[in-house]
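The residues of the chain are indexed from 1 along the displayed sequence. Everything quoted here is computed from the prediction, not taken from an experiment.
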Amino acid sequence: MKKAILSIVMFAIALISSTEISAQESSKVDVVPSFSKVDVSPMDAASYPSNWRNSDKLVKVIYSRPQLKGRTLEKLAPNDKVWRTGANEAAEITFYKDVNFGGKKVKAGTYTLFTIPTASEWTVILSNQKNVWGSYFYDKAEDVVRVQGTVSQSKDLIEAFSIVFEGEDDNATMHLGWANTVVSIPVKG
């Protein structure tokens, strides 16, 4: 009799457990979200120091990387017009401590990075505007600083817009490169 009761109890536990498992499995919905394709101007980030092991950063830029694809720089970043400094959303730059950016003092924080290209020099703008798509709604009243970037020419064609930092200790230079143009701005911590 004890064996029969024990068998019934074990059977009941197994039945209840399998019912719960079946209920949990049937509650899972096989809905696959609609993931978008890889953007043709993918987002990227550049930071200084660039070594991922060093978490004590001075600066980081998040930007999208448009490509020339046979077009000219002037067509994609027209001279004398405010440009979002990349593609899609305007680039955002974060300083993790107070810095000297292109010769001007800037408080630690996150800013939108706009530029105004010309044939001989580029104006680099840090703005208080946030979460901006393109430069369509750029507002000069939100400017924190404007500095002049040093323009040089690259021997090699830079197909995808790129940002890189070089330097030592808390003295870095931010380089913006595209086509054969390189724009450089010093950043000192």
*Side-chain donor or acceptor of Asn180 paired with backbone N/O of Ser154 under 3.5 Å*: yes
*Gln148 and Val124, any side-chain heavy atoms less than 4.5 Å apart*: no
*Any salt bridge (charged side-chain N to carboxylate O under 4.0 Å, His left out) pairs touching residues 68-90, not counting sequence neighbours?*
none
_Tell me whether Lys60 contacts the main-chain N or O of Phe95 through its side chain, where contact means a donor paired with an acceptor under 3.5 Å._
no
*In the single-linkage hydrophobic clustering (I, L, V, M, F, W, Y; side-chain heavy atoms under 4.5 Å), do Phe161 and Val151 co-cluster?*
yes
*Judged by atom type as modelled, is there a donor-acceptor pair below 3.5 Å linking the side chain of Asp98 to the main-chain atoms of Lys107?*
no
*Answer yes or no: is there a side-chain heavy-atom contact under 4.5 Å between Asp170 and Lys188?*
no
*State the CG-OG1 distance between Leu113 and Thr94, to the nearest 0.5 angstrom.*
10.5 Å
*asked:* Apply side chain to side chain donor-acceptor pair (under 3.5 Å) to residues Thr85 and Thr115 and explain how you reach the verdict.
replied: CA-CA 6 Å; Thr85 317; Thr115 48; 3.1 Å; yes
*Distance, nearest 0.5 Å, that separates NE2 of His175 from CD1 of Ile158*: 10.5 Å
_Cluster link Ile185 to Val164, ILVMFWY, side chain under 4.5 Å_ = no
_Side chain proximity check, Leu68 to Leu157, heavy atoms < 4.5 angstrom_ = yes
_Common cluster, Ile93/Tyr96, ILVMFWY with side-chain heavy-atom separation under 4.5 Å_ = no
*Quick one: does Asn54's side chain have a donor or acceptor within less than 3.5 Å of a partner on Asp56's backbone?*
yes
*With hydrophobic residues grouped by side-chain heavy-atom distances under 4.5 Å, do Val106 and Ile163 end up in a single group?*
yes
*Looking only at non-hydrogen atoms, find the nearest pair between Thr181 and Gln153 and report the distance.*
OG1-NE2, 4.1 Å
*So which heavy atom on Ser41 is nearest to which on Asp39, and how close?*
N-OD1, 2.6 Å
*Does any N or O in the side chain of Lys104 come within less than 3.5 Å of the main-chain N or O of Val144, such that one atom is a donor and the other an acceptor?*
no
*Apply side-chain contact (heavy atoms from CB on, under 4.5 Å) to Leu126 and Asp143, showing your working.*
CA-CA 6 Å; Leu126 300 182; Asp143 287 4; over 6 Å; no
_N/O donor-acceptor pair under 3.5 Å between Gln129 side chain and Asp139 backbone_ = yes
*What do you reckon, is CG of Asn51 surrounded by more than 12 foreign heavy atoms closer than 6.0 Å?*
yes
*asked:* For residues Phe114 and Tyr63: do they belong to one hydrophobic cluster (side chain heavy atoms under 4.5 Å, members Ile, Leu, Val, Met, Phe, Trp, Tyr)?
replied: no
_Minimal non-hydrogen separation, Gly189 against Leu58, with atom names_ = CA-CD1, 3.6 Å
_Side chain to side chain, Trp178 and Val183, heavy atoms closer than 4.5 Å_ = no
*Aromatic plane relationship, Trp122 with Trp83 - under 30° parallel, 30 to 60° tilted, over 60° perpendicular*: perpendicular
_Working to the nearest 0.5 angstrom, can you tell me the gap between Ser50 OG and Lys57 NZ?_
6.5 Å
*At their closest point, which heavy atom of Tyr48 faces which heavy atom of Asn171, and how far apart are they?*
OH-O, 3.8 Å
*Considering non-hydrogen atoms only, spot the tightest contact between Tyr136 and Trp133 and give its length.*
CD1-O, 3.5 Å
*Evaluate the side-chain proximity of Ser162 to Arg65: yes if any heavy-atom separation is below 4.5 Å, no if none is.*
yes
_Any side-chain heavy-atom pair of Ser64 and Met43 under 4.5 Å_ = yes
*Is the closest side-chain heavy-atom distance between Tyr138 and Thr112 below 4.5 Å?*
no
*Taking everything shown except Glu168 itself, do over 12 heavy atoms lie less than 6.0 Å from its CD?*
no
*asked:* Are the side chains of Phe165 and Val61 in contact, using a 4.5 Å heavy-atom criterion?
replied: yes
